[in-house]
Amino acid sequence: MPTEEMTKDIVSELIQSDAPSLGVRVEQYTGQSLGAMVESGTGKSLGQSVEESIPMAAPKGQESAKPKAPLTITAADLLRYLLIPGTCQGFRLLETAIDLALEDENRLLNVIDDLYPTVAEIHHATLNCVQKNMRMAIIAGWKNGGNLQLEKLLGLPFRNRPVTKDFIDLLADYLRRRR
């Protein structure tokens, strides 16, 4: 398929033509979305698959069969997962804000007077630049499809882009639960 657009019909034709050689029953997959196909094939939703790819520590008092080295997820990892480009000026500002919110969640109670000035001081920027750059980074990730990634990660539907304060709170809470 040199330059043809991949439409649903073309994909269906490809599946039907390759299915017998792969030992796949086509009728079980026709008319389904990719998520439905993955779910019917693995028994897990895409969100569950993403969630399982991020290992969680065993609850206190329970030992796992195989001791694994815990995989540390950082704020930068989450921001990249949410398709926020590392080249955005707000990427590092968001990373710092999430880390500061992890240290003390009370900073989220008054972000204008506590969190943003601290981030601005660390990065030698003004308060307005911090607010604008973080907001623009979130918008860039949202336009890149980060909204779908955020829904998979948290399991919550998002009709609108969360404001910066809520975005930082969601990611800080996610990291707090994983530690």
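Because only heavy atoms are used, hydrogens play no part in the values below, and waters and symmetry mates are left out as well, while side chains stay in.
- Leu82 and Phe158 fall within a single hydrophobic cluster, where Ile, Leu, Val, Met, Phe, Trp and Tyr side chains are chained together by heavy-atom contacts under 4.5 Å.
- Of all heavy-atom pairs between Arg92 and His123, the closest is O-NE2, 3.6 Å.
- Across all their heavy atoms, Ile168 and Ala101 have their closest contact at CG2-CB, 4.1 Å.
- When all heavy atoms of Arg176 and Leu102 are compared, the closest pair comes out as N-CD2, 3.7 Å.
- Of all non-hydrogen atoms in Ala125 and Val130, the two that sit nearest each other are CB-CG2, 4.2 Å.
- In terms of modelled atom types and a separation under 3.5 Å, the side chain of Asp77 and the main chain of Thr74 share a donor-acceptor contact.
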Begin from the C-alpha positions of Met134 and Tyr116 and carry the test side chain to side chain contact (heavy atoms under 4.5 Å, CB included) through to its verdict. CA-CA 10 Å; Met134 285 196 286; Tyr116 292 165; 3.2 Å; yes
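- There is no path of hydrophobic side-chain contacts, each under 4.5 Å, that joins Leu83 to Leu156.
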Could you go step by step and tell me if Asn160 and Trp142 meet the side chain to side chain contact (heavy atoms under 4.5 Å, CB included) rule? CA-CA 10 Å; Asn160 299 318; Trp142 202 258; 6.0 Å; no
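- A donor-acceptor contact shorter than 3.5 Å links the side chain of Arg107 to the backbone of Leu100.
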One pair to check against side chain to side chain contact (heavy atoms under 4.5 Å, CB included): Arg80 and Phe91. What are the steps and the verdict? CA-CA 9 Å; Arg80 284 188 184 92; Phe91 182 90; 3.9 Å; yes
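- Residue Leu93 is grouped with residue Leu127 when hydrophobic side chains (ILVMFWY) are merged at heavy-atom distances under 4.5 angstrom, including chains of intermediate members.
- The structure places CG of Asp173 at 5.0 Å from CZ of Arg177, a figure rounded to the nearest 0.5 Å.
- With a 6.0 Å radius and a threshold of 12 heavy atoms from other residues, nucleotides or ligands, Glu151 has its CD atom above the threshold.
- In this structure, NZ in Lys132 is found 9.0 Å from OG1 in Thr126, a value given to the nearest 0.5 Å.
- Taking CD of Gln89 as the reference point, atom CE of Met136 lies at 10.5 Å (rounded to 0.5 Å).
- Ion pairing between a basic and an acidic side chain is recognised when a charged N comes within 4.0 Å of a carboxylate O; Asp169 and Lys165 show no such pairing.
- In terms of hydrophobic clustering, with Ile, Leu, Val, Met, Phe, Trp and Tyr side chains grouped at heavy-atom distances under 4.5 Å, Ile122 and Leu79 are assigned to a common cluster.
- In this structure, Leu170 CG and Leu175 CG are separated by 11.0 Å, a value rounded to the nearest 0.5 Å.
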Pair Leu94, Phe167 - check side chain to side chain contact (heavy atoms under 4.5 Å, CB included), show working. CA-CA 9 Å; Leu94 279 169; Phe167 186 80; 4.3 Å; yes
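- Looking only at distances, a side-chain donor or acceptor of Asn133 sits under 3.5 Å from a matching main-chain atom of Cys129.
- Considering Ile112, Thr164, Val111 in turn, Ile112 is the only one that fulfils the side chain to side chain contact (heavy atoms under 4.5 Å, CB included) rule with Gln131.
- For the pair Arg178 and Tyr174, the cation sits on the ring face: its NZ or CZ lies under 6.0 Å from the ring centre, inside 45° of the axis.
- The minimum heavy-atom distance linking Leu171 with Leu78 is given by the pair O-CD1, 4.0 Å.
- Asp104 places a side-chain N or O within 3.5 Å of a backbone atom of Asn106 that can act as its donor or acceptor partner.
- Shortest non-hydrogen contact noted between Leu150 and Pro162 is CD2-CG, 4.3 Å.
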